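Computation of the quantities below employed the complete heavy-atom set of this structure, encompassing side-chain atoms and omitting hydrogens, waters and symmetry-equivalent molecules. Remember, it's 1-based here, ligands and their atoms both numbered in the order they're listed. A quick note: this is a predicted structure, and the numbers were derived from the prediction, not measured.
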Amino acid sequence: MINVGFIGCGAMGRDHVRRITDKCGNAQVVGVYDTVLGNAKQAIEDNRLDATIYDSADALIDDPNVDAVVIASRNDVHLDPLLHTIAIGKPTFTEKPMTINGSDSWKVVEAEVAKGRKTIQVGFNWRFDPGYDAMKTFVGDGQIGALLMAGMRHYNAQASTSYYGTDNVINDTLIHNFDMLHYMFDGDITSVEMKFARMNTLNPNGESLREPQLAIVEFSDGALATAEANVNCQYGYDIQCRLVGESGIISLPDVATPEVRKAGQISHAISSAWFDRFIEAYDREFDRFFANIEADRQPGGKEATAWDGYVANVVADAALDSAVNALYDEAAALADTNQYDLLAGELAEFNSRGNTIRNNDYNSRAQEFNDTLAGQPAKLIGALWGIEEAEYYR
Ligand code: ISE
């Protein structure tokens, strides 16, 4: 039996604790940690676990009774526990994204390389979806020839939280698509450009969430892909993918649900969230994680490694840069002379930070900018900084 230490018991984390408890016959959660004690207690209570609550992630990782670690905490606090588990060689599953940017993810890759062993599996679960799996096999078998193009749709019924902002569309949502494109296509991703559609008036997060967004991705062999993100689509959780090859097209199948013929209509239900749309993929990625541990096998191939986590972050970073510039161009076109100079200053400030976003100072500057320059241009550039989220990231 593999003894699992679990870090981060929010909604997604508790779903995984339940999955490990109910479905993985070869693993059990023996320890939990969450900055919110109530979440850790709830994970134990919901699953009637006999588990220790630790007062730090480090204590949990160091406990010799813990054989493997799962990290499902907030995206911005994955790095330290990852470096810790690598240092002591404990197999670790981390939710996606591996970290919040390419430079942090590079630290994870470097740490693994220094140890000479891959111990990290990243939770890019779409790779384990039966539909995507079949597509990967078709492509691998050369059934539609070399890939030329892809068109993807990543729609959420509603934004996942009130603090989900413009940049999350890229580094939390579209990052799945970036990983799938990296997984499916032979070429390396060489560029990504972001475009913004006009805002959906049903978006409850307002200007701090500029979407829908469209990513245009280019590969080293000249292939092209587009990925639409529309995270307030209202009607359900809708994931689509069409791959165009030299001799055919493959499309991701919808999850089969009963067809209902009633009142002059033929209809199918659609999932409302990723928890159920990808339930099988989540189960299978955990099965693989534990199977690798039992077989003393390193992750790779199908399961996303630290390197894959890094690649996805690098693409997201480039997308974020492109998004800032797109918002800037939109704002600059509307700005008067005074606003124009200020916008240029703010853009330079953003760029000088690389992709380090949302530190406290940054958010308060963005807030100030919006307060003093209320109006369309200020609002647009403020959108990228996710002003309403300042509290959350403090
Ligand atoms: C969430 O974190 C996910 O991983 C979902 O698959 C994605 O659709 C959603 O937009 C993200 O917030």
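Remark: minimum distance from atom 12 (O) of ligand 1 to any protein heavy atom is reached at Asp172 OD2, 2.6 Å. His154 NE2, 2.6 Å is the protein heavy atom nearest to atom 8 (O) of ligand 1.
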Q.
With salt bridge (Lys or Arg N to Asp or Glu O under 4.0 Å) as the criterion, how do Arg153 and Asp238 come out once you've worked through the C-alpha distance, each side chain's angles and the decisive distance to 0.1 Å?
A. CA-CA 7 Å; Arg153 189 194 292 166; Asp238 195 5; 2.9 Å; yes
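Taking the six-membered ring for Trp and the full ring otherwise, Trp274 and His176 have centroids separated by 6.0 Å or more.
In this structure, Phe6 and His16 have tilted ring planes: the angle between them lies in the 30° to 60° band. Ring pair Tyr310/Trp106 is tilted by interplanar angle, where 30° to 60° counts as tilted.
Within the listing of ligand 1, atoms 5 (C), 6 (O), 7 (C), 8 (O) sit less than 4.0 angstrom from a heavy atom of Tyr237. Close approach of ligand 1 to Thr173 (heavy-atom distance below 4.0 Å) involves ligand atoms 9 (C), 10 (O), 11 (C), 12 (O). Below 4.0 Å from some heavy atom of Ser160 lie the following atoms of ligand 1, by number and element: 12 (O). Residue Lys96 has at least one heavy-atom neighbour below 4.0 Å for each of these atoms of ligand 1: 1 (C), 2 (O), 3 (C), 4 (O). Listed by number with element, the atoms of ligand 1 under 4.0 Å from a non-hydrogen atom of Asn156 are 8 (O), 9 (C), 10 (O).
Side-chain contact check for Asn230 versus Glu211: some heavy-atom pair is nearer than 4.5 Å. In this structure, the side chains of Phe138 and Leu243 stay at 4.5 Å or more apart for every pair of heavy atoms. At least one side-chain heavy atom of Leu49 sits less than 4.5 Å from a side-chain heavy atom of Thr21.
Here Met12 has no heavy atoms under 4.0 Å from ligand 1, in either its backbone or its side chain.
Taking distance alone, with nitrogen or oxygen atoms compared against 3.5 Å, Trp274 stays at or beyond that limit from ligand 1. For Tyr164, no nitrogen or oxygen atom sits less than 3.5 Å from a nitrogen or oxygen atom of ligand 1, counting backbone and side chain alike.
Relative to the ring axis of Tyr237, Arg277 does not place its NZ or CZ within 45° and under 6.0 Å from the centre.
Of the candidates His176, Gln158, Glu95, the one placing a heavy atom closest to atom 4 (O) of ligand 1 is His176.
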